[in-house]
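Only heavy atoms go into these numbers, but all of them, side chains included; no hydrogens, no water, no symmetry mates. Here is the naming used below: chain letters follow the sequence lines, and residue numbers restart at 1 for every chain.
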2 protein chains.
Amino acid sequence: MKAAHFLMDESPKKKTLRQLDLMGFLEKSGYASVEELTTRFSVTSQTIRRDIADLAMQGRVRRHHGGVALTSPIDAQTYRQRRVERFTIKHRIARRVAELVPDGASVFLDAGSTCEAVAEALCERKELKVVTYSLRAAVILTDRTDFTIAVPGGFVKNVAGSVMGESMSEFIRRFRFDTAIIAVSGIDEDGAMGDDDQNEVSIVRTAIGQARSTLLATDSSKFYRTALVHLGNVTEVDDLVTDAKPEGALQHTLAASQVNLHIA
Amino acid sequence: MKAAHFLMDESPKKKTLRQLDLMGFLEKSGYASVEELTTRFSVTSQTIRRDIADLAMQGRVRRHHGGVALTSPIDAQTYRQRRVERFTIKHRIARRVAELVPDGASVFLDAGSTCEAVAEALCERKELKVVTYSLRAAVILTDRTDFTIAVPGGFVKNVAGSVMGESMSEFIRRFRFDTAIIAVSGIDEDGAMGDDDQNEVSIVRTAIGQARSTLLATDSSKFYRTALVHLGNVTEVDDLVTDAKPEGALQHTLAASQVNLHIA
DNA sequence: AATCATATGTTGAAAAACCGACATTTCAGC
DNA sequence: GCTGAAATGTCGGTTTTTCAACATATGATT
């Protein structure tokens, strides 16, 4: 009973997840106040402090009165390196995605960092019509292109910079897409795709329903990760763009389906 | 006592020097606590706080309980650029505007470059509720704060990064504002304010109607310029923040009204 | 169901940091 | 030397943060 315990269990607990997320946030800004973090994660200051205490124990952050900072904050070099690293993976995928989108197409674009990279890559196309609920993607596209771009209205979710509101699906339903470009938080071995936010899932499902074809863009770290909310099955998508071929069960699931696999 | 000549190694302003040094230190570590800084510079915490207050006023650092952090994780280039930007007219005006907005307020924020500068300055406030149809402003605020932010849905107007749609006014009408922060393209000598886009004017008018007070932020180049679409009269606004006192007729128009004039 | 472990929320008192007002120092210019 | 402005220090009262101890929830194991 206990032997199996430390051999197998790799599933990240909530706490660990949040701490990981917290680190990600820190790496962007270098410093974060406890207050910011409490609202960002919707937990008590005490919980944040416990997270911080853990991370500080591991020497990964520096504690301060009122917040946390990175220990070896954004050493210009590592920072650049990280950027480059992300550039290669996410941007390789993004470029591949952009190649699959014809000029003049009407596109739905999901939120999340991968989709922001896709937005950048889409700038190379011409005369696209894009609907997205990612503010950042919208800004990237308006700044660099003259595409027709639409965003739904609502409240902005801080973590992702995505828009959330009551009538999102209604808004999306007003459009038809040649392609829905989506991203997910995890894909199970049986091909179950999932995300961490119920609302986002609902939006994406609506978009898929309005689209002639669905394109899933995700890096291989998402394989075999289970996400909170079920979004659908990977066999429903028409194209899957990723950076490495999935191994094992997932590979078979895909092979047995109609999914076009693109390795960037 | 004159004996302490070994302390006299400072030539220009001590204060300025230390602040410069402090910035240098910050750029390495991204964050520094007040305590660290007191020992590093051998001065009182109060002095450090005054330095910090100065720098924060200039928008060069973010204050936190216990210390300071850089506003943005530095990229030498952007940093230099920011530094210049900080002292432009728009940013001076923006800072003044932010001072007039109390923590916790609900505000409407117009679109345009001045309002984007205001968005940056508003990051210093706390727990604001912001409704804006400027995508860029929305992104700035979501990236740097945990405010509640809402944007209306619609198509994005490329040049300005503002959102336009049928039901904009309806969306705006769902909110009440403590302050509507607006910008205009021109102000006539008789106080007539105008903008160049019929839709934007309609949105702004609606917002003003929902606001307890209206704050006009505009640089002095807008004085005596006539814009296409009439928006209202400057006497309707409660506060006018600008960079230079208007001369001539407009000055009298303002003096005869209830407008509070703030020169940044 | 009972039990245990883990994660999170709550509370109240102690500690730390803040701010304003005023005192003191420094130094340039008369 | 005297004076005034700028910079810094000191002091107290206030606000914010922290921490420890306890309570509650959730979930897995038996």
Could you state the CE-P distance from Met57(A) to dC19(D), rounded to the nearest angstrom? 11 Å

Is the base of dG20(C) touched by the side chain of Arg49(B) through a donor-acceptor pair closer than 3.5 angstrom? no

If I take atom CG in residue Leu17(B) and atom P in nucleotide dT8(D), what distance separates them, rounded to the nearest angstrom? 10 Å

For Thr47(B), report the nucleic acid contact type (base, sugar-phosphate, nothing); a contact means any heavy atom under 4.0 Å. sugar-phosphate

Would you kindly give the CZ-to-C1' distance between Phe41(A) and dA7(C), to the nearest whole Å? 16 Å

Contacts of Val34(A) and Thr44(B) projected onto DNA chain D by closest heavy atom; the upstream (5') one is Thr44(B)

Rounded to the nearest Å, what distance is computed from the CZ atom of residue Arg63(A) to the P atom of nucleotide dT17(D)? 13 Å

Whole Å only: how far is the CG atom of Asp51(B) from the C1' atom of dG9(D)? 13 Å

Electrostatic pair Arg225(A):Glu189(A) at N-O distance under 4.0 angstrom: no

Is the closest basic N to carboxylate O distance between Arg18(A) and Asp51(A) below 4.0 Å? yes

Separation of atom CZ in Arg50(A) from atom P in dA5(C), rounded to whole Å: 17 Å

Go nucleotide by nucleotide along DNA chain D from the 5' end; which of Gln46(A) and Glu35(A) gets its closest nucleotide reached first? Glu35(A)

Between Asp103(B) (CG) and dC18(C) (C1'), how many Å, whole number? 15 Å

Side chain to side chain donor-acceptor pair (under 3.5 Å) for Tyr224(A) and Glu247(A)? Distances and angles first, verdict last. CA-CA 10 Å; Tyr224(A) 299 106; Glu247(A) 306 287 336; over 6 Å; no

Check the pair Arg62(B), Glu36(A) against salt bridge (charged side-chain N to carboxylate O under 4.0 Å, His left out), reporting the backbone distance first and the verdict last. CA-CA 13 Å; Arg62(B) 256 172 83 198; Glu36(A) 279 175 328; 2.5 Å; yes

CD1 of Ile48(A) versus C1' of dA7(C): gap in Å, rounded? 13 Å

